[in-house]
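Quick notes on the structure that follows.
Chain letters run A, B, ... following the sequence lines, proteins first, then strands; residues in each count from 1.
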2 protein chains.
Amino acid sequence: MSLEQAILGFLNYRPYSGYDLKKIFDTSVRHFWPADQSQIYRTLSRMNKEGWVDIEMVHQESRPDRKLYHITTAGQEALRQWLATPLPPQENRSADMIQVFFAGQLADEEILALFERAADNIRAGLARYAQIPREIEAYSEYTTSPREFFFWMLTLDVGMHTLQANLAFIEALIQRIRNGEIPAA
Amino acid sequence: MSLEQAILGFLNYRPYSGYDLKKIFDTSVRHFWPADQSQIYRTLSRMNKEGWVDIEMVHQESRPDRKLYHITTAGQEALRQWLATPLPPQENRSADMIQVFFAGQLADEEILALFERAADNIRAGLARYAQIPREIEAYSEYTTSPREFFFWMLTLDVGMHTLQANLAFIEALIQRIRNGEIPAA
DNA sequence: ATCCTATATAGGACTTGTCATATAATAGTA
DNA sequence: TACTATTATATGACAAGTCCTATATAGGAT
C-alpha cells in the first residue's frame with residue numbers, strides 16, 4: 001500500500017497530524033496519489049499498530065486536540081527499504097481505453113466528439129499542472145532541501161510530459177479521423 | 001464500473017459465458033483493464049439482476065453446464081449511452097511517482113538504479129506489446145468488422161506511444177542524473 | 001441570530017478488486 | 001495409478017478506497 005509509504009515520506013521530514021497530512025497530500029501528490037481524509041486517519045492508526053509511527057497527543061485550547069504522528073526507527077527503515085525497491089510493473093486501469101476499444105460501435109461524429117473532449121480534458125489538465133509550481137511555493141515551508149525540491153518538480157515534469165505526449169497523439173488521431181481513416185462497418 | 005461496460009461490449013458481438021469472457025479479457029483488454037475471474041462471475045450475476053443480460057443455460061455432457069449471457073435491449077442502451085458519454089477526468093494512482101517524489105531521501109546511485117530498472121520495465125512492456133498483434137489474430141474469430149479491428153489496434157497504438165514517451169523521458173533523465181544534475185542535500 | 005468556514009478526529013456502509021479455495025467431470029501424461 | 005490440465009461456476013475473506021455523517025469549538029459573515 002503506497003499510501004503508507006507516502007505518509008512515511010512526509011513524516012520523515014517532521015511530525016504531522018492526520019489533518020496536516022490531508023492538506024499536504026492535496027497540495028502536493030494528489031495528481032498521482034489522491035488520498036481520502038478518512039482513509040488517511042484509518043491508515044495512520046494502522047501504521048501505529050504496525051509500529052511505524054508513534055502518537056503524541058497535543059492538547060489545544062479552543063481547538064480539538066491533535067494527534068501528532070512521529071515516524072519510528074522501524075518506520076524509517078520500512079520507508080528506506082520501500083523507496084529503494086523497484087516496484088512490480090503496474091497495471092493501470094483505463095476506462096478511456098475501454099471506450100476506444102468499443103468505439104467502432106458508435107458513429108464517426110460521436111467518435112470525433114469523444115476524442116475532442118478527451119483532448120480538451122488533457123488541455124485542462126496541462127493548464128492545472130502549469131499552476132502547480134505556484135502551489136508548491138505555498139507549501140515550500142515543507143521543503144527540506146533543493147534535493148527534495150528537484151524530485152518534487154520532477155513529478156510535475158513527468159506528468160506534463162505524459163499529458164503532452166497523449167495530447168499530440170490524440171490531435172494526430174483526430175486529423176486521421178477527419179481524413180476518413182476509420183473503416184466503415 | 002467500466003468492467004460492466006466492457007462485458008457489455010463483448011456480449012454485444014455475441015453471447016458468451018463467464019469462462020469465455022475471462023479468456024477474451026486476457027487476450028484483448030487486459031493491458032488496460034485486467035479482470036479477475038471471480039469478479040467477472042460476480043459482475044455477470046449483478047448485471048443479470050440489473051436486467052442488462054439474460055442467462056441461457058446450456059447443458060453439456062461430460063462438462064459442467066455453461067451459462068450463456070445474452071445482452072438485453074436495456075443492456076445495449078446502457079452500453080451505447082456509456083460509450084457516447086465522455087468520462088470524467090481520471091485520477092490514476094502511480095506508486096512510481098511516490099517513489100520519485102521521495103527519491104531525494106536515497107543516494108544518487110540508488111536513484112539511478114531505480115530509474116534504470118523503470119526503463120527496463122518499460123522496454124519489457126514494449127516488447128510485450130509488440131507481440132500482441134499476433135495474439136489478436138488468435139482471437140480474430142471475434143472480429144466482427146475492420147471497423148472494430150481499427151479501434152482494437154488503436155488501443156495498442158496508444159499504449160505503445162505512451163510507453164515510448166515515458167521511456168524517452170526516463171532515458172533523458174538518466175543522462176541528466178549522470179551529468180550530476182541532482183542537487184546535493 | 002443564523003449560517004458558514006476552519007480546525008480536528010472518527011466510524012458506518014459501501015464498491016471495486018484480489019487471492020485462495022471448492023466442486024465436478026474428463027482427458028492426457030508420467 | 002497418480003498427477004495435471006481443461007472446462008465451468010462459485011464463495012469466503014480480505015484490502016483499498018469512496019462517500020456520508022457525527023462530534024466539538026471558535027470565529028467571521030449575512
Side-chain angles (χ1 to χ4, degrees), chain A residues 1-7 15-27 29-50 53 55-69 82 87-95 98 138, chain B residues 1-7 15-27 29-50 53 55-69 82 87-95 98 138:
Chain A
M1 235 260 291
S2 302
L3 179 60
E4 290 183 344
Q5 281 76 32
I7 289 174
Y16 289 114
S17 70
Y19 191 83
D20 295 332
L21 285 167
K22 171 58 177 162
K23 281 194 296 182
I24 291 171
F25 268 75
D26 284 348
T27 51
V29 296
R30 71 146 182 270
H31 305 94
F32 46 89
W33 207 278
D36 186 82
Q37 175 262 126
S38 62
Q39 203 196 354
I40 289 176
Y41 279 96
R42 276 191 263 243
T43 301
L44 281 168
S45 71
R46 177 161 25 93
M47 289 165 73
N48 180 49
K49 278 172 204 151
E50 288 171 300
V53 293
I55 300 175
E56 177 195 356
M57 288 295 299
V58 179
H59 181 68
Q60 297 189 120
E61 306 297 327
S62 88
R63 291 268 174 253
D65 291 354
R66 308 176 78 218
K67 284 188 180 177
L68 256 192
Y69 289 87
W82 183 84
L87 295 162
Q90 287 191 242
E91 358 203 29
N92 320 307
R93 287 197 162 69
S94 165
I98 300 280
Chain B
M1 235 260 292
S2 302
L3 179 59
E4 290 183 343
Q5 281 76 33
I7 289 173
Y16 289 114
S17 69
Y19 191 82
D20 296 332
L21 286 167
K22 172 58 177 164
K23 281 195 295 181
I24 292 171
F25 268 76
D26 283 349
T27 52
V29 296
R30 70 146 183 270
H31 305 93
F32 46 88
W33 206 279
D36 185 82
Q37 175 262 128
S38 62
Q39 203 197 353
I40 288 176
Y41 279 96
R42 274 191 264 242
T43 302
L44 281 168
S45 70
R46 179 164 21 96
M47 289 166 74
N48 180 50
K49 277 173 204 150
E50 287 171 301
V53 293
I55 300 176
E56 177 194 356
M57 288 295 299
V58 179
H59 181 67
Q60 297 189 121
E61 307 297 326
S62 89
R63 290 267 173 255
D65 292 354
R66 309 177 76 217
K67 284 188 179 177
L68 257 191
Y69 288 88
W82 182 83
L87 295 162
Q90 288 190 242
E91 357 203 30
N92 318 307
R93 288 198 161 69
S94 165
I98 300 279

Near-strand residues of residues 33-40 of chain A, defined as heavy-atom separation under 4.0 angstrom from DNA chain D: A:W33, A:D36, A:S38, A:Q39
D:dA10 phosphate, OP1 or OP2, under 4.0 Å from B:Y41 side-chain N/O: no
Backbone of B:M57 reached by a side-chain donor or acceptor of B:R66 within 3.5 Å: no
Gap separating the OH atom of A:Y69 from the OH atom of A:Y41, nearest 0.5 angstrom: 8.0 Å
Spacing of B:R63 atom CZ relative to D:dA8 atom C1', expressed in whole Å: 9 Å
Short side-chain N/O contact to D:dA8 OP1/OP2 from B:Q60, under 4.0 Å: yes
Nearest heavy atoms of A:A6 and B:I98, plus distance in Å: CB-CD1, 3.7 Å
Under-4.0 Å side-chain N/O to phosphate OP1/OP2 contact, B:R93 with D:dG17: yes
Residues which pass side chain to side chain donor-acceptor pair (under 3.5 Å) with B:N92, listed by chain and number, not counting sequence neighbours: none
Axial bend angle, the helix from C:dA1-D:dT30 to C:dA30-D:dT1: five-pair end segments, nearest 10°: 10°
Modelled atom types, side-chain donor and acceptor of B:D20 and B:S17, under 3.5 Å: yes
Gap between atom CG of B:L21 and atom CD1 of B:I40 - 0.5 Å precision: 6.0 Å
Between P of D:dA10 and OH of B:Y19, the distance in whole Å: 15 Å
Shortest non-hydrogen contact between A:W82 and B:A95, atoms and distance: CH2-O, 3.8 Å
Rounded interatomic separation in angstrom, taking CZ from B:R42 and P from D:dA13: 11 Å
pair A:T27-A:K23: side-chain heavy atoms closer than 4.5 Å: no
Closest non-hydrogen atom pair between B:A35 and B:L3, with its separation: CB-CD1, 4.0 Å
Bounds of contact between DNA chain C and chain B, in 5' to 3' order, using a heavy-atom cut-off under 4.0 Å: C:dT16 to C:dT26
Under the salt bridge (Lys or Arg N to Asp or Glu O under 4.0 Å) test, residues paired with A:K67 that sit two or more places apart: none
Residues that B:E4 engages under side chain to side chain donor-acceptor pair (under 3.5 Å), provided they are two or more places apart: B:R46
Touch class at under 4.0 angstrom, heavy-atom based, for B:S17 against every strand present: sugar-phosphate
